[in-house]
Peer 1: 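I'd like to ask you about the structure that follows.
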Amino acid sequence: MSQTADRPDVEQTAGGAADGAVPPHRYTPALAQQIELAWQDRWEREGTFHTPNPTGRLSEGFDEVADRPKFFVMDMFPYPSGTGLHVGHPLGYLGTDATSRFRRMDGDNVLHPMGYDAFGLPAEQYAVQTGQHPRTTTEANIAAIRGQLRRLGVDHDERRTFATIDPGYYRWTQWIFLKIFGSWFDADAGRARPIAELVAELDAGTREPAPGTNETGRPWPELDDVERRRVVDAHRLAYLHQAPVNWCPGLGTVLSNEEVTPDGRSERGNFPVFRRPLTQWMMRITAYAERLLADLDRLDWSDSVKQMQRNWIGRSTGARIGFSVGVAGRADDAADQTIEVFTTRPDTLFGATYVVLAPEHPLVDALTAGSWPSGVDPRWTGGEATPREAVTAYQRQASRRSELDRQNENREKTGVWLGVTAVNPVNGRELPVFVADYVLTGYGTGAIMAVPGEDTRDWDFAEAFGLPVVRTVQPPADFAGGAWTGAGPVINSANDDISLNGLDRATAIATVTEWLVRHGSGEATTTYKLRDWLFSRQRYWGEPFPVVYDEHDLPVAVPESMLPVLLPDVDDYSPKTFADDDAESAPEPPLSRVTDWTTVELDLGEGPKKYRRETNTMPNWAGSCWYYLRYIDPDDDRRMVDPDNERYWLGPREPGDVGGVDLYVGGMEHAVLHLLYARFWHKVLFDLGYVSSEEPFRRLVNQGYISAYAYTDERGFYVPAAEVEERDGRFFFQGRPVNREYGKIGKSLKNMVTPDEMIGAYGADTFRVYEMSTGPLEQSRPWETKAVVGSQRLLQRIWRVVVDESSGVARAADVEPDEDTLRALHRTIAGVRDGMATLRFNIAVARITELTNHLTSAYGADRPVPRSVAEPLVLMVAPLAPHIAEELWSRLGHSRSLAWHPFPVADERWLVEDTVQVAVQVNGKVRAQVTVPADADAAALEAAARADEKVAGHLAGRTVRRVVAVPGRLVNFVVG
RNA sequence: GCCCCCGUAGCCCAACCGGCAGAGGCAGGCCCCUUAAAAGGGUCCGAGUGUGGGUUCGAACCCCACCGGGGGCACCA
């Protein structure tokens with residue numbers, strides 16, 4: 001992230017204190033710096049924030065906290081990229097820090113760790129730009145951000161810190177890969193199982209290879225060893241697959257679907273992306289689609305993130321329907337093939353008038369006819385002499401078409417006819433079969449039945465190609481034309497056997513599906529938009545795969561005892577990149593050039609043999625998929641995670657609970673990728689018995705963004721926001737008027753504000769209080785530098801309540817507080833607790849401000865504040881502004897840190913009033929206030945209200961139809 | 001086009017389960033302190049909840065429609 005973790009600039013502010021006008025012991029920025037640095041040293045020296053595990057090497061001191069509830073809170077760890085940290089970044093870190101400190105004081109055993117996500121493209125690109133090894137730059141960036149976090153005063157247990165690039169960490173990333181590689185998804189059991197169990201069942205004859213996994217078509221007992229390995233490999237959760245991938249020549253690597261923007265460019269770097277077939281590692285996340293979807297309901301996450309994951313998984317139900325091809329007597333070579341289509345609208349089957357295959361559909365070649373029949377519609381041929389030429393030309397054109405064209409909204413539908421027809425199973429109608437790129441390879445079966453009457457895309461295609469339309473849903477009388485996708489009774493849908501006519505959609509779907517099943521022509525099915533996860537990258541800066549290839553070019557797992565497979569040091573770590581638009585180029589991973597590494601002699605049980613290493617590396621997401629588990633003990637070199645410690649920190653709290661991290665805070669931008677991948681890995685680890693929790697993150701909170709004003713001059717260029725002056729509501733830069741805009745903080749808008757500047761000017765505590773006071777954690781908010789002074793003033797007042805500004809000594813008195821003060825104190829405690837518990841730190845700050853203001857006016861300079869009020873005030877400030885709180889606590893005579901001191905508890909006695917004011921409404925309008933005993937019942941309330949003369953005036957001469965009296969709240973007279 | 005979230009004072013934000021719209025901060029006014037300014041302290045000032053309907057004794061809160069802002073998905077059959 002940033003390299004600007006400067007020591008605070010004490011000089012800048014120290015000058016003012018020499019001026020005599022300021023009392024010598026005022027809480028100035030200079031004093032804040034001193035206090036903060038001193039306490040940060042002491043926390044580190046004393047290991048104040050060390051959290052014990054139940055067992056293992058980090059278990060020292062666990063006995064003292066064994067009876068506490070556990071609380072695991074963490075942030076999405078930073079990616080230290082070297083491009084500067086701004087005030088938006090710490091928002092979440094401070095939220096978890098305040099929560100962590102509060103929960104610790106309130107009696108929890110709190111785990112609050114931090115680590116660094118450091119493999120991946122940005123670090124590599126930064127290194128290439130600066131001509132340094134990625135490890136050098138990455139480690140420098142980590143050191144910088146580590147210093148910055150320390151300067152903010154966060155309470156991470158630094159013994160649990162690690163980076164994903166540490167060999168001691170990625171060893172276990174590779175280990176998890178081996179576990180995934182070493183398992184398969186048993187669809188009947190709905191979970192992953194070790195691959196050895198599959199082999200055992202195949203050998204025993206109790207299981208057949210899954211459909212599509214046995215290319216030979218021969219039974220398992222007849223296969224030789226290599227053929228058997230191919231069958232087994234095709235079952236694995238991590239598998240090699242040749243498929244069209246997103247090849248990005250500009251980056252020299254392939255990208256996952258998730259890393260490609262909707263306009264067909266790379267999310268990183270904005271280079272064009274092309275589809276081309278390559279053999280790559282895939283992760284079978286689709287096997288978990290149903291569980292990933294269903295378990296969302298068991299998570300305490302925001303609706304929007306859940307919704308985004310639901311959309312991404314994209315479950316839809318419908319039917320698979322077989323259309324047979326190769327009608328007798330037709331001059332084509334497509335004998336006895338069946339096209340499987342997927343549809344969510346089997347109720348419209350009678351309206352299908354043609355069939356479409358995706359250009360990459362495997363049946364296209366086999367189905368293409370030798371010649372056009374006479375009289376073929378010229379629109380159907382693509383201008384070619386034969387179907388084969390037309391199809392080949394179309395496929396080439398489609399593969400070249402960048403995704404940029406594809407997303408063009410109103411692009412005309414294109415396609416060509418294969419020269420064959422397929423038979424609609426429900427009415428025997430012969431439908432022409434087209435290939436067209438509006439049908440996607442990866443979704444459903446890659447083939448559709450086209451129903452132009454009820455689908456706008458099919459309608460558009462039918463219009464362009466002159467295809468017929470059969471309506472099967474009755475549109476409303478005033479319908480203008482085109483495809484009708486709304487509801488309506490079914491029409492034109494009957495054969496000798498069934499009729500759907502008059503049925504509603506749901507009934508029609510059930511009826512026709514049942515008919516299809518009975519006739520062996522289809523079945524009800526569910527599909528997902530989610531695709532398997534492309535897991536290979538042709539980059540240097542990533543985890544090497546723990547995989548080698550043997551003489552059959554089949555993958556072999558590197559034994560666990562040989563982990564980690566270290567990333568070799570190389571001179572040239574940049575990938576071979578190509579011209580942005582060179583779609584024909586092929587990936588060339590940097591590791592493939594390290595020839596003394598790529599070839600290796602190993603004894604994997606068959607004696608020493610030469611093997612070829614996998615030269616791809618894992619994607620950036622791998623390291624962040626499981627880092628929360630490693631915080632439990634990053635130095636455990638025997639296990640990924642100790643099961644007892646995992647059960648303690650992450651296990652289910654009660655039967656049926658998903659378990660996981662108790663509070664996970666991070667940006668909305670990871671709503672799909674990181675969170676979905678991590679959930680997937682966690683579920684695999686759960687299935688294999690390595691973790692006791694079903695989900696990684698029980699509760700997720702997305703912190704808001706911080707935006708700031710930006711300013712443009714008359715040419716539209718951004719000017720430095722910090723130098724813009726406001727006069728009479730208008731804005732000027734160097735005397736010239738500028739326009740005010742609003743946007744995310746950053747370099748490009750020239751509106752960057754760094755925490756270092758703020759800490760330099762006010763100290764970390766002021767910065768912390770400011771960020772926490774601007775709203776609930778989830779709320780996005782504007783940054784306003786000039787408002788920071790308000791938080792500074794609050795801390796100064798708190799300081800003055802406790803410390804004499806001229807002598808620097810605590811001025812708390814051992815006297816009894818008055819009742820007003822006690823009420824104020826306990827109301828504050830209740831409010832602060834509420835704010836802390838609900839991550840509405842602004843509420844906590846507001847309550848503390850009220851109490852401080854009360855104390856300031858109730859106890860002047862000559863009347864010290866009672867100790868029994870000053871101390872709880874200091875304790876309540878501690879989670880938000882820990883340094884000043886520690887300092888005040890210490891000046892109040894305590895030698896130990898307050899970090900483990902119990903948080904104040906409100907006394908109910910001072911929360912309830914003897915009497916309460918309730919509003920009296922007449923027809924819902926507030927007309928008077930009456931004071932009644934706090935426990936007055938409805939009748940007493942009504943009596944008191946009627947006795948009020950203003951109320952009597954409103955009621956005089958009118959009929960009271962009804963009286964609503966809510967004890968403690970109000971009385972409402974409903975009059976006629 | 002579809003889906004999700006959000007509209008309260010000049011600005012940022014509160015308001016428990018539907019029960020008196022205001023806690024806090026910024027900005028602004030006035031006063032004190034000061035030779036003056038800054039810093040500091042004190043005090044004052046504020047809207048009726050985007051719009052229109054509905055439910056209710058009672059709506060910022062629940063329902064419907066619309067407007068505005070933010071985000072996601074998008075030829076997904």
Side-chain angles (χ1 to χ4, degrees), chain A residues 16 19 21-23 26 28 262 302-312 314 316 318 341-345 348 356 406-409 411 413 436-440 442-451 454-458 460-461 527-530 668-669 671-672 705 707 726 729 769-770 773-776 778-784 786-794 796-797 800 805 827 831 834-835 840 842-850 853 856-857 861 917-929 961-966 968-975:
Chain A
D19 183 354
V22 178
R26 169 157 294 175
T28 59
S302 72
D303 287 340
S304 54
V305 173
K306 287 187 185 182
Q307 194 61 35
M308 282 164 69
Q309 293 219 342
R310 283 192 197 105
N311 287 343
W312 194 265
S316 61
V341 307
F342 172 72
T343 177
T344 56
R345 295 291 305 276
T348 64
V356 187
R406 277 201 158 198
Q407 63 108 40
N408 188 357
E409 289 261 330
R411 214 185 99 225
K413 293 276 184 291
D437 68 1
Y438 84 94
V439 172
L440 308 175
Y443 185 74
T445 60
I448 64 159
M449 64 177 206
V451 187
E454 279 87 36
D455 184 288
T456 47
R457 297 155 301 188
D458 297 342
D460 293 344
F461 189 89
T527 56
Y528 302 89
K529 269 160 61 175
L530 184 69
M668 195 69 176
E669 65 272 22
V672 174
Y705 292 113
S707 298
E726 179 177 359
V769 169
Y770 171 73
S773 69
T774 47
E778 284 153 286
Q779 187 118 18
S780 287
R781 61 202 77 181
W783 177 265
E784 217 183 340
K786 65 179 182 178
V788 180
V789 69
S791 301
Q792 157 89 353
R793 287 180 191 148
L794 170 63
Q796 282 182 337
R797 265 178 284 151
R800 204 176 297 122
E805 286 193 322
R827 264 202 306 272
D834 181 42
R840 294 178 301 167
N842 54 322
I843 303 270
V845 174
R847 294 291 96 82
I848 288 170
T849 308
E850 284 175 289
N853 291 348
T856 302
S857 58
Q917 277 213 325
V918 300
V920 182
Q921 299 179 338
V922 178
N923 284 347
K925 295 262 190 294
V926 178
R927 297 301 187 188
Q929 303 274 333
R961 297 187 183 281
R962 189 170 166 189
V963 181
V964 181
V966 183
R969 295 208 186 262
L970 55 55
V971 185
N972 186 15
F973 291 97
V974 185
V975 301

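Convention: sequence-line order gives letters A, B, ...; per-chain numbering from 1. Note that the structure is predicted; figures quoted are calculated from it, not measured.
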Peer 1: When you measure from the side-chain N and O atoms of A:Arg962 to the phosphate of B:rC57, is any distance below 4.0 Å, counting only OP1 and OP2?
Peer 2: yes
Peer 1: Counting the atoms with a prime plus P, OP1 and OP2 as sugar-phosphate, which does A:Thr456 contact under 4.0 Å by heavy atoms, base, sugar-phosphate, or nothing?
Peer 2: nothing
Peer 1: In whole Å, measure the gap between the C1' atoms of B:rU8 and B:rG50 for me.
Peer 2: 10 Å
Peer 1: Roughly how many Å is it from CE in A:Met668 to C1' in B:rC73, rounded to a whole number?
Peer 2: 13 Å
Peer 1: Counting heavy atoms from C-beta on, name the nucleotide in B:rA23, B:rG41, B:rG72 closest to the side chain of A:Met308.
Peer 2: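 It is B:rG72.
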Peer 1: Mind checking the P distance from B:rC13 to B:rC6? Whole angstroms is fine.
Peer 2: 13 Å
Peer 1: Give the rounded distance in Å between these two atoms: CD of A:Glu805 and C1' of B:rG41.
Peer 2: 10 Å
Peer 1: Can you tell me the pairing partner of B:rC45 across any strand shown, Watson-Crick or G-U wobble, with both distances under 3.5 angstrom?
Peer 2: none
Peer 1: Nearest whole Å is fine: how far is B:rG71 C1' from A:Glu669 CD?
Peer 2: 12 Å
Peer 1: Which nucleotide wins on minimum distance to the side chain of A:Val974, given the candidates B:rC4, B:rC57, B:rG40?
Peer 2: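 Per side-chain heavy atoms of A:Val974, the pick is B:rC57.
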Peer 1: Got a donor-acceptor pair under 3.5 Å from the side chain of A:Lys306 to the base of B:rC4?
Peer 2: no
Peer 1: Quick one: does any side-chain atom of A:Glu805 pair with a main-chain N or O of A:Arg800 as donor and acceptor, under 3.5 Å?
Peer 2: no
Peer 1: Would you mind telling me which of B:rG42, B:rC26, B:rG24 lies closest to the side-chain atoms of A:Thr856?
Peer 2: B:rG42
Peer 1: Of all the nucleotides listed (B:rA39, B:rC3, B:rC73), which has the minimum atom distance to the side chain of A:Arg26?
Peer 2: B:rA39
Peer 1: When rounded to the nearest Å, what value does the distance between C1' atoms of B:rC73 and B:rA9 take?
Peer 2: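 So the two C1' atoms sit 37 Å from each other.
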Peer 1: Only counting residues at least two apart or in another chain, list the ones meeting ring-ring contact (aromatic ring centres under 6.0 Å, His included) with A:Phe342.
Peer 2: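 Counting only residues at least two positions away or on another chain, A:Phe342 forms no ring-ring contact (aromatic ring centres under 6.0 Å, His included).
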Peer 1: Could you state the CZ-P distance from A:Arg345 to B:rA77, rounded to the nearest angstrom?
Peer 2: 11 Å
Peer 1: Is the glycosidic angle of B:rC17 within 90° of 0, making it syn, or outside that range, making it anti?
Peer 2: syn
Peer 1: Which base sits across from B:rG7 as a Watson-Crick or G-U pair, both distances under 3.5 Å?
Peer 2: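 Across any shown strand, B:rG7 pairs with B:rC67.
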Peer 1: What does A:Asn311 touch in the nucleic acid at a heavy-atom separation under 4.0 angstrom: a base, only the sugar-phosphate, or nothing?
Peer 2: nothing
Peer 1: Could A:Lys413 and A:Tyr438 be counted as a cation-pi pair, given that NZ or CZ must be under 6.0 Å from the ring centre and within 45° of the axis?
Peer 2: yes
Peer 1: Expressed in angstrom and rounded to an integer, what is the separation of A:Ile848 atom CD1 from B:rA14 atom P?
Peer 2: 17 Å
Peer 1: Expressed as a whole number of angstroms, how long is the span from A:Glu778:CD to B:rC13:P?
Peer 2: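 Atom CD in A:Glu778 sits about 13 Å away from atom P in B:rC13.
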Peer 1: Hunt down the Watson-Crick or G-U wobble partner of B:rA37, both distances under 3.5 Å, from any strand shown, or write none.
Peer 2: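 For B:rA37, the partner nucleotide comes out as none, under the 3.5 Å rule.
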Peer 1: Separation of A:Arg800 atom CZ from B:rG42 atom C1', in whole Å?
Peer 2: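 For the pair A:Arg800 CZ and B:rG42 C1', the rounded distance is 12 Å.
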Peer 1: Scan every strand shown for a Watson-Crick or G-U wobble partner of B:rU55, both distances under 3.5 Å, and answer none if you come up empty.
Peer 2: none
Peer 1: Report the nucleotide, chosen from B:rG19, B:rC4, B:rG40, that has the shortest atom-to-atom distance to any side-chain atom of A:Ser304.
Peer 2: B:rC4
Peer 1: Determine: side-chain N/O of A:Arg310 to OP1/OP2 of B:rC73, distance under 4.0 Å, yes or no.
Peer 2: no
Peer 1: Using the closest heavy atom to pick a nucleotide of RNA chain B for each, name whichever of A:Ile843 or A:Asp455 lands nearer the 5' end.
Peer 2: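 Its nucleotide being nearer the 5' end, the pick is A:Ile843.
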Peer 1: Please determine, for the side chain of A:Pro776, which listed nucleotide (B:rC73, B:rA14, B:rA23) has the closest atom?
Peer 2: B:rA14
Peer 1: Checking one value: the base orientation of B:rG41, syn if chi is within 90 degrees of 0, otherwise anti.
Peer 2: anti
Peer 1: Determine which nucleotide pairs with B:rC61, using a 3.5 Å limit on both distances of a Watson-Crick or G-U wobble pair.
Peer 2: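 Matched B:rC61 with nothing under the 3.5 Å cut-off.
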Peer 1: Taking the minimum atom-to-atom distance to the side chain of A:Val964, which one of B:rG24, B:rC57, B:rC75 wins?
Peer 2: B:rC57
Peer 1: Go nucleotide by nucleotide along RNA chain B from the 5' end; which of A:Gly775 and A:Phe973 gets its closest nucleotide reached first?
Peer 2: A:Gly775
Peer 1: Which one, B:rC75, B:rA77, B:rA23, comes nearest to the side chain of A:Lys413?
Peer 2: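 Selected nucleotide: B:rC75.
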Peer 1: Contact class for A:Thr849 (heavy atom, under 4.0 Å): base, sugar-phosphate, or nothing?
Peer 2: sugar-phosphate
Peer 1: For the atom pair CD (A:Glu778) and OG (A:Ser304), what is the distance rounded to the nearest 0.5 Å?
Peer 2: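 A:Glu778 CD to A:Ser304 OG: 9.0 Å, rounded to 0.5 Å.
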Peer 1: Salt bridge or not between A:Asp834 and A:Arg847? Use side-chain N to carboxylate O under 4.0 Å.
Peer 2: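 Looking at A:Asp834 and A:Arg847, the cut-off is not met.
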Peer 1: Could you please name the partner base of B:rG1, counting Watson-Crick and G-U wobble pairs only when both distances are under 3.5 Å?
Peer 2: B:rC73
Peer 1: Closest to the A:Arg840 side chain: B:rC26, B:rA15, B:rC4?
Peer 2: B:rA15
Peer 1: If you look at every heavy atom in A:Tyr443 and A:Ser316, which pair is closest and at what distance?
Peer 2: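 So the minimum-distance heavy-atom pair works out to OH-OG, 2.7 Å.
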Peer 1: Return the nearest nucleotide to the side chain of A:Arg847; candidates are B:rC4, B:rG58, B:rA23.
Peer 2: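 My answer, after comparing the listed nucleotides, is B:rA23.
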Peer 1: Do any side-chain nitrogens or oxygens of A:Arg797 fall under 4.0 Å of OP1 or OP2 in B:rG41?
Peer 2: yes
Peer 1: Can you see if the side chain of A:Arg793 gets near the phosphate of B:rC26 - specifically, an N or O under 4.0 Å from OP1 or OP2?
Peer 2: yes
Peer 1: Is it the case that the side chains of A:Arg962 and A:Asn972 hold a donor-acceptor pair, with the cut-off being a distance below 3.5 Å and no angle test?
Peer 2: no
Peer 1: Using a heavy-atom cut-off of 4.0 Å across all strands, would you classify A:Ser316 as base, sugar-phosphate, or nothing?
Peer 2: sugar-phosphate
Peer 1: Report the residues that fulfil side chain to side chain contact (heavy atoms under 4.5 Å, CB included) with A:Thr774, sequence neighbours left out, ordered by chain and then residue number.
Peer 2: A:Tyr770, A:Arg781
Peer 1: Categorize A:Val845 for me: base, sugar-phosphate, or nothing, with a 4.0 angstrom heavy-atom threshold over every strand shown.
Peer 2: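 A:Val845: no heavy atom of the nucleic acid under 4.0 Å.
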